[in-house]
Amino acid sequence: MSQVSHDQYRENVAGRANVADTPELLAYYQELERFAAGALWTVANKIEPWQPKSESVPMIWRYRDLRPYVVRSAELVTPEQAGRRVIYLNNPGRRDVAAAVGWLYSGLQTMKPGELASAHAHSASALRFIMEGRGAFTIVDGHKMTLERNDFVLTPNGTWHEHGVSAEGTPCIWQDGLDIPLVNAMEAGFYVVHPELNQAVTHPVDDSTDTWAATALHPQGKVWSKPYSPLFRYEWEPTYESLRRYARATEGSPFDGVLMNYVNPLTGGPVMPTMGASMQMLRPGEKTKAHRHTGSFLYQVAKGSGYSIVNGKRLDWTERDIFCVPSWAFPDHANANQTDDACLFCFNDLPVMNALGLYREQALAENDGQQPVLWSDSCDS
Ligand SMILES: [Fe+2]
Ligand SMILES: [Fe+2]
């Protein structure tokens, strides 16, 4: 029988596993394997690294590269055939779980005028960020929302939801973000197609925004007991205006510029139990310092152009590009425009990190928080 090494994770550090293979130990390990068991010291250093070790690669998906393929998908398959007509972002380090980064999935979905996808519900929480087109709408549990460019929309877990584009609209593209890999890792995923394939609109159109989007005002007598935000659509114009106003009142964060979180208006907490989202403004010419967090982050450039450095990899971005920051990787961000602001939409799994007591944050101590560029993205040929 061929011998397998069991000591490749040894570390010569006090408190860490450091056991050399011997013929007697190898025979012992083999016997344990017969009973589907093993000696922890052969794997302890591997399964308990000193700090988070992300499998995810810092990546940028440029819209100019992907858009032609997204548009072409509309000629290749119908929404009925595909269920959802989506080109998904497949991080080279996370192909086994179809994640864009960490435990987060993302894709670009397109629909043509007059198309309506079938209604369904799933355990995964979902969000979308509208990239282009006119006439898109989403229906969540009977609440219909009309959608515009740069709007941020929720389809929380367990809700019946469907998407479409009105016959008078134009072809639409949006980014989907889901926690599918996380839910699968938890082995908790269910998926149901609506028995009638489509649901009725049972509330006035845009009632969610009309009811819950008012700043610092709550409707009298309205109750809501769900674990996610009752506001399903966060419109771009008031979001951008809020950032501009906040920028007048703050120096901003040295790491993130002027950043505001999308929140559940009733709790001030994240929009959904597993995923949070934010919009941040980098002022003209602003270059932030690097810091890192536990948690996975997927950014979309809502406005402007610039670059981010993620663990030494420079990612040059412009409007509609998507890039990721893996857990515990150092990001910093720069607005390349000296006269106009840039805005980055981001969604993340921070609510999970916070709920489980796993959140940590650390500023880059060296070089006044500026990290060197070690390599740049080569996919932009
Ligand atoms: Fe869905
Ligand atoms: Fe940050």
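Below, all heavy atoms of this structure are taken into account, side chains as well, without hydrogens, waters or symmetry copies. Remember, it's 1-based here, ligands and their atoms both numbered in the order they're listed. Bear in mind that the values here come from a model prediction, so they are computed numbers and not experimental data.
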A.B. asks: Which label fits F232 and W224: parallel for a plane angle under 30°, tilted from 30 to 60°, or perpendicular past 60°?
C.D. replies: perpendicular

A.B. asks: Taking CE in M260 as the centre, count heavy atoms belonging to other residues, nucleotides or ligands within less than 6.0 Å. Is the count above 12?
C.D. replies: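 For M260, atom CE is crowded (more than 12 foreign heavy atoms under 6.0 Å).
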
A.B. asks: Provide the atom name of the closest N, O or S atom of H120 relative to the Fe ion (ligand 1).
C.D. replies: NE2

A.B. asks: So with a 6.0 Å cut-off around CD of Q51, is the heavy-atom count from everything else above 12?
C.D. replies: yes

A.B. asks: Would you find a donor on one side and an acceptor on the other, under 3.5 Å apart, between the side chain of Q371 and the backbone of I309?
C.D. replies: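 Such a contact is found between Q371 side chain and I309 backbone.
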
A.B. asks: So what's near the Fe ion (ligand 2), protein N, O or S atoms under 2.8 Å?
C.D. replies: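 Atoms qualifying: D256 OD2, H291 NE2, H293 NE2.
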
A.B. asks: Out of the candidates E115, E80, Q109, only one should pair with R85 under the side-chain hydrogen bond (donor to acceptor under 3.5 Å, both in side chains) rule; please name it.
C.D. replies: E115

A.B. asks: Applying the side-chain contact (heavy atoms from CB on, under 4.5 Å) test to L108, which of Y88, W174, Y63 qualifies?
C.D. replies: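 For L108, the side-chain contact (heavy atoms from CB on, under 4.5 Å) test succeeds with only one of Y88, W174, Y63, which is Y63.
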
A.B. asks: Of all N, O or S atoms in H122, which has the smallest distance to the Fe ion (ligand 1)?
C.D. replies: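 Looking at H122, the N, O or S atom with the least distance to the Fe ion (ligand 1) is NE2.
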
A.B. asks: Around Y359, counting heavy atoms of other residues, nucleotides and ligands shown, do more than 12 lie under 6.0 Å from its OH?
C.D. replies: yes

